[in-house]
Amino acid sequence: MKFIISSSELLKGILTVSKAIPAKSTEAILEDYLFSLSGNTLEVTASDKEITMRTALEVDSTLEEGRIAVPARQMNDLLKELPDQPLTITTISDNQFECAWASGASTLPYFNPDDYPECQKTGDGAVTVEFPAQTLADGIGRTIYASSDEDNRPVMNSIFFDISPNS
């Protein structure tokens with residue numbers, strides 16, 4: 001895998017999906033982002049097996065396609081320190097990749113992407129509902145005060161969605 005991408009675009013993309021990375025995990029692979037490069041599109045996935053978030057980023061240049069599982073915390077820390085500039089990401093061995101920029105480079109480990117959990121697919125009978133994101137945000141904002149944050153009663157940490165054709 002080898003590609004060039006803006007460091008700020010990559011940071012924005014990984015921060016979008018980073019909310020799905022668990023704080024503590026029994027599986028080390030869940031502490032990683034899955035990078036899948038195909039053509040000029042880098043798909044970044046994060047999952048805790050219950051929630052899977054995915055975003056697609058356009059890369060400046062693709063030299064070699066591929067997939068790797070990248071340590072989330074180390075990647076976040078590295079990108080937060082870099083100003084906006086082109087970043088070249090290259091796999092250099094069976095378990096290491098290099099991030100190179102104008103004034104330096106860093107080598108980080110990567111893991112087997114085949115160990116990353118598969119995203120569950122929706123069934124053939126799935127129903128799709130489309131509505132403005134602001135409507136969802138407003139609804140959650142008006143009901144979130146009633147949810148609990150106690151760990152011993154997780155069902156009370158939820159918001160119930162009752163969707164009908166008219167409302």
Side-chain angles (χ1 to χ4, degrees), residues 1-137 140 161 163:
M1 171 183 268
K2 184 173 184 177
F3 63 96
I4 300 171
I5 190 169
S6 162
S7 60
S8 63
E9 287 299 312
L10 182 56
L11 177 61
K12 187 168 54 169
I14 66 170
L15 290 178
T16 300
V17 299
S18 67
K19 295 159 189 70
I21 299 285
K24 295 178 183 177
S25 176
T26 56
E27 295 181 48
I29 195 73
L30 296 178
E31 296 172 2
D32 299 337
Y33 297 118
L34 178 63
F35 282 13
S36 299
L37 180 64
S38 179
N40 277 350
T41 302
L42 175 66
E43 190 174 82
V44 180
T45 305
S47 179
D48 67 359
K49 283 196 167 177
E50 288 183 22
I51 299 171
T52 299
M53 298 179 78
R54 186 174 286 145
T55 189
L57 307 169
E58 188 171 329
V59 300
D60 298 334
S61 173
T62 299
L63 304 168
E64 184 181 337
E65 296 180 348
R67 296 175 55 211
I68 57 175
V70 178
R73 184 173 295 126
Q74 293 171 322
M75 198 69 185
N76 290 353
D77 293 345
L78 174 66
L79 291 174
K80 286 178 182 177
E81 298 299 321
L82 293 176
D84 183 22
Q85 60 185 307
L87 183 66
T88 303
I89 296 181
T90 310
T91 54
I92 56 175
S93 73
D94 289 342
N95 61 358
Q96 288 189 325
F97 72 101
E98 179 184 68
C99 293
W101 56 94
S103 60
S106 178
T107 302
L108 297 170
Y110 74 85
F111 304 97
N112 186 350
D114 296 332
D115 294 340
Y116 210 82
E118 287 292 321
C119 181
Q120 292 182 2
K121 306 290 184 205
T122 57
D124 292 335
V127 176
T128 302
V129 178
E130 291 187 28
F131 50 89
Q134 190 59 48
T135 302
L136 177 62
I140 292 172
F161 287 84
I163 300 172

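Hydrogens, waters and symmetry mates are skipped; everything else that's a heavy atom, side chains included, is used.
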Those residues that, when tested against D60, pass side-chain hydrogen bond (donor to acceptor under 3.5 Å, both in side chains) (two or more places apart): none
Mind checking side chain to side chain contact (heavy atoms under 4.5 Å, CB included) for T128 and listing every partner two or more places apart, or none if nothing turns up? E130
Please enumerate all residues that pass side chain to side chain contact (heavy atoms under 4.5 Å, CB included) together with Q134, with sequence neighbours excluded. A137, D138
Mind checking what makes side-chain hydrogen bond (donor to acceptor under 3.5 Å, both in side chains) contact with Y33, not counting sequence neighbours? N76
For residues 34-45, which residue pairs qualify under side chain to side chain donor-acceptor pair (under 3.5 Å), counting only residues two or more places apart or in two chains? N40-T62, E43-R54, T45-R54
Near Q85 CD, under 6.0 Å, is it more than 12 heavy atoms from other residues, nucleotides or ligands? yes
Working to the nearest 0.5 Å, report the span between CZ of F131 and CG of L136. 5.0 Å
Which residue pairs satisfy the salt bridge (charged side-chain N to carboxylate O under 4.0 Å, His left out) criterion with at least one member in residues 67-78, sequence neighbours excluded? R67-D114
For D84, which residues count as a side-chain hydrogen bond (donor to acceptor under 3.5 Å, both in side chains) partner, sequence neighbours excluded? S6, S8
Rounded to the nearest 0.5 Å, how far apart are CD1 of I29 and CG of L34? 8.0 Å
Roughly how far apart are I5 CD1 and L10 CG, rounded to 0.5 Å? 5.0 Å
Which pairs of donor and acceptor atoms, one on a side chain in residues 13-25, lie under 3.5 Å apart (sequence neighbours left out)?
| from | atom 1 | to | atom 2 | distance (Å) |
| --- | --- | --- | --- | --- |
| T16 | OG1 | K12 | O | 2.8 |
| S18 | OG | L15 | O | 3.0 |
| K19 | NZ | L15 | O | 3.2 |
| S25 | OG | E27 | N | 3.0 |
| S25 | OG | E27 | O | 2.8 |

Under 3.5 Å, which donor-acceptor pairs do the side chains of residues 95-108 form with other protein atoms, sequence neighbours left out?
| from | atom 1 | to | atom 2 | distance (Å) |
| --- | --- | --- | --- | --- |
| N95 | OD1 | S93 | OG | 3.2 |

Give the C-alpha distance, both sets of side-chain angles, the deciding distance and a yes or no for side chain to side chain contact (heavy atoms under 4.5 Å, CB included) between V44 and M75. CA-CA 12 Å; V44 180; M75 198 69 185; over 6 Å; no
To the nearest 0.5 angstrom, please state how far the OG atom of S47 sits from the CD atom of E118. 10.5 Å
Test applied, side chain to side chain contact (heavy atoms under 4.5 Å, CB included); reference residue, L87; option that passes from I4, L79, L78: L79
Looking only at non-hydrogen atoms, find the nearest pair between K2 and T90 and report the distance. CG-OG1, 3.5 Å
Rounded at 0.5 Å granularity, tell me how far CG in D115 sits from CG in L30. 10.5 Å
T91 side chain to M1 backbone, donor-acceptor under 3.5 Å: yes
